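The shown structure was predicted, so the numbers you read here are calculated from the model rather than taken from an experiment.
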Amino acid sequence: MEDGQHIPLNFERLSEEEMRQTADRMFERFNARRTVRHFSAEPLPLDVVRQCIRAAGTAPSGAHKQPWHFCLVTDPDIKKRIRVAAEKEEYENYHRRMNEAWLDDLKPFGTDHIKPHLEDAPALIVVFRQSWTPDAAAASGKSQNYYVQESVGIASGMLLSALHECGIATLTHTPSPMGFLAEILKRPAHEKAFLLIPIGYPAEGCQVPDIQRKNWNELATEHGPESAH
Ligand code: IYR
């Protein structure tokens, strides 16, 4: 097989001091991110949101297949249809599909099947994963994608971080099953909804659950001569 063309890497080397300052600032910023469930209806600068989606699209992916597609939804009618369909599925989840332990685990978050944020938030981003890519040159009409879950998961994480860095609050929402999203948004057969992310500014007086994050020893284990505390 012929190798693809390679170009020189463009890499900026930082001083250790710059690295430390960046790491500390970055951790503080990331640690301040909270999932928000109550949004103000105030519109967002969509050029900022588009740039965050572009940033997400720089994620690494299996064989650089970029197996993702992002729908940015601001149309109130479409948001309403998404809310109605999501609430129908969530009603089934909360009343029939989720077991006692799951419902118990969710109690601290106070969630239920009613999802006003799907209409209140000025925008929804729906992340789709592409299980394969249409390819007219292939006998099957398809070319395969690799590590799709991992690739789209990484891109979604980058999207959440990018939005947070730009002062935009997010809710990672996974109504299940999510088939209605491809239907409402008229996405092609090779795409399946992966995440539904309401975005916006937090509603005034917005409260969030009082949660703790893992400490270092729970979070990580080091396997080397030096250890950090
Ligand atoms: N998808 C449902 C239920 C839900 C499940 C988990 I796991 C959460 O962390 C939060 C919610 C919902 O969105 O209400």
Worksheet, complete the sentence: For Glu16, the side chain to side chain donor-acceptor pair (under 3.5 Å) test, sequence neighbours excluded, returns Arg20
Discussion item. Just to verify, what does Asp104 make a side chain to side chain donor-acceptor pair (under 3.5 Å) with, not counting sequence neighbours?
Written reply: Lys107
Worksheet item: Taking only residues two or more places apart in sequence or in another chain, which ones pass side chain to side chain donor-acceptor pair (under 3.5 Å) with Glu150?
Response: none
Fill in: salt bridge (charged side-chain N to carboxylate O under 4.0 Å, His left out) partners for Glu90, two or more places apart
none
Fill in: pair Ile114-Glu87: side-chain heavy atoms closer than 4.5 Å
yes
Item to complete: Would you confirm whether His38, through its side chain, and Val36, through its main-chain N or O, come within 3.5 Å as a donor-acceptor pair?
Response: no
Worksheet entry | Hphob cluster co-occupancy, Met178 + Leu185, side-chain heavy atoms under 4.5 angstrom | yes
Worksheet item: Do Phe180 and Pro175 come close enough that some side-chain heavy atom pair is under 4.5 Å?
Response: yes
Worksheet item: For residues 179-195, which residue pairs qualify under salt bridge (Lys or Arg N to Asp or Glu O under 4.0 Å), counting only residues two or more places apart or in two chains?
Response: Arg187-Glu191
Item to complete: For residues 56-66, pull every pair meeting side-chain hydrogen bond (donor to acceptor under 3.5 Å, both in side chains), keeping only residues two or more places apart or in separate chains.
Response: His64-Gln66
Item to complete: Provide the closest heavy-atom pair for Tyr201 versus Pro43 in the form atom of the first, atom of the second, distance.
Response: CE1-O, 3.6 Å
Item to complete: Find out if a path of hydrophobic residues (ILVMFWY) with successive side-chain heavy-atom gaps under 4.5 Å connects Val49 to Leu159.
Response: yes
